[in-house]
Structures are given as structure tokens and as C-alpha cells.
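These numbers come from the heavy atoms of this one structure, side chains and all, not from hydrogens, waters or symmetry mates.
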Amino acid sequence: MKITITNDPNRYSGPLGFLAQLIVMTLAAILAAYILPGVQIDSISAAIITAVVIALLNTFIRPILIVITLPFTVLSMGLFLVIINALIIMLASGLVSKFHVNGFGSALLFSILLTAINYLLEIPNRLMRRPKYQLADEAQPDTHTDTDEEGFTAYEEVEENECLNKE
């Protein structure tokens with residue numbers, strides 16, 4: 001039995017995927033700011049800008065911080081990454097004028113809540129992007145026809161007489 005993975009053309013990728021992730025991050029930021037008293041987002045446009053800034057900081061600054069703090073991350077078994085996430089939130093708060101965080105504790109809770117809400121909102125997207133498995137027998141017919149009736153390709157077939165003649 002052979003299992004093949006098919007590529008689904010309806011998966012989110014490229015600009016459409018970025019837009020979907022931006023919408024999910026914006027909704028997560030709005031919900032987290034609504035729940036936590038120490039975090040304030042003044043408008044929807046500020047939430048969108050905050051989501052873009054956090055995404056950019058996570059892309060460019062977070063890896064540098066992870067490399068710099070690698071010993072702490074290893075010693076804490078990865079828990080120091082939560083501190084790095086809070087630092088990213090505080091940095092975003094400093095860059096976006098209509099996004100306010102009252103302190104490190106609020107940034108820490110906001111990053112944890114943002115991660116949880118983002119994960120929950122991404123579940124449908126993850127289910128849509130999940131690869132679909134099917135048996136090779138049920139797959140489309142193979143157009144590769146260079147095999148004989150026993151399933152051997154031409155380079156695998158060796159005549160016993162040819163081996164004896166070479167020696």
C-alpha cells in the first residue's frame with residue numbers, strides 16, 4: 001500500500017495567506033485588548049497597524065533576540081520565549097502611538113492571550129491547509145509506462161547470461 005500526498009490548490013499562500021493571517025492577528029489583538037485592562041487599542045486602524053508591526057517584529061527582531069538569549073532559553077526549557085514575546089509587545093507599543101501597554105506584566109499577559117486567541121482563530125485555516133492523503137490505488141492513473149508486466153524498469157532488468165559473459 002502506498003500513500004501519496006496531494007497538493008490542494010485552495011490553500012492559503014502568498015498575499016492571500018498574509019492577508020488572512022493579518023486579519024486573524026488583528027482580531028486576536030482586539031479581543032486580547034478588550035479582555036485585559038492594562039492594554040488599550042484606540043481604533044481598528046491602530047489594531048491593523050499593531051498586527052503588522054508585531055508580525056514584522058516577529059519576523060526580523062525576534063530571531064535575533066532568540067539567538068542572543070539562547071542560553072537562558074535552553075536553561076528555562078523554552079519558557080524564556082514568553083519573555084521575548086512580551087518584549088516584542090512592549091516594543092510594538094512604543095512604535096504604534098495608538099497601542100498602549102501599561103507595563104511588562106500587561107505585555108506578558110497580552111502576549112500569552114494573543115497567542116491563545118491567534119491559535120484558536122487559526123484552527124479553521126489549519127484544517128483547510130491540512131494535506132489530504134489518499135491511497136495510490138485511488139489516485140489518478142499513472143502515466144509513467146516504462147515498466148514491464150512484472151513491474152521492473154528497463155535499467156533494473158539484468159539478464160543472467162550478460163553477467164556471465166562479462167566475466
- Ignoring hydrogens and geometry, is there a side-chain-to-backbone donor-acceptor pair from T69 to F72 under 3.5 Å? no

- Message: Taking V39's backbone N and O only, do any of them form a donor-acceptor pair with S106's side chain (distance below 3.5 Å, no angle check)?
- Response: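 No: the side chain of S106 does not pair with the backbone of V39.
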
Mind checking whether [X] and [Y] sit in one hydrophobic cluster, side chains of I, L, V, M, F, W, Y counted as touching below 4.5 Å?
X	Y	result
F60	L22	yes
I30	L114	no
L121	I35	yes
L70	I84	no
M77	I83	no

- From L19 atom CG to T26 atom OG1, the distance as rounded to the nearest 0.5 Å: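 If I round to the nearest 0.5 Å, the distance is 9.0 Å.
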
- Once you round to the nearest 0.5 Å, how far does CE of M90 lie from OG of S111?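 It comes to 11.0 Å.
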
- Residues N85, I89; criterion side-chain contact (heavy atoms from CB on, under 4.5 Å); working and verdict: CA-CA 6 Å; N85 289 343; I89 297 298; 5.6 Å; no

Does the side chain of [X] reach to within under 4.5 Å of the side chain of [Y], using non-hydrogen atoms?
X	Y	value
I23	L27	yes
L95	L57	yes
N118	Q21	no
M25	T50	no
N58	I54	yes

- Query: For A86 and A107, which heavy atoms make the closest approach, and how far apart are they?
  - Reply: O-CB, 3.7 Å

- Task: Carefully, step by step, assess K98 and I49 under the rule side-chain contact (heavy atoms from CB on, under 4.5 Å).
- Result: CA-CA 9 Å; K98 295 184 179 184; I49 293 170; over 6 Å; no

- Run the numbers on E122 and L120 for side-chain contact (heavy atoms from CB on, under 4.5 Å), then give the verdict. CA-CA 5 Å; E122 276 286 326; L120 291 175; over 6 Å; no

- Query: Below 6.0 angstrom between ring centroids: does that apply to F110 and F104?
  - Reply: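 Centroid separation for F110 and F104: 6.0 Å or greater.
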
- Message: Counting only heavy atoms not in I123 (residues, nucleotides, ligands), do more than 12 fall under 6.0 Å from its CD1?
- Response: yes

- Query: Do V96 and I41 pass the side-chain contact (heavy atoms from CB on, under 4.5 Å) test, and can you show the C-alpha distance, the side-chain angles, and the key distance before you say yes or no?
  - Reply: CA-CA 10 Å; V96 180; I41 298 177; over 6 Å; no

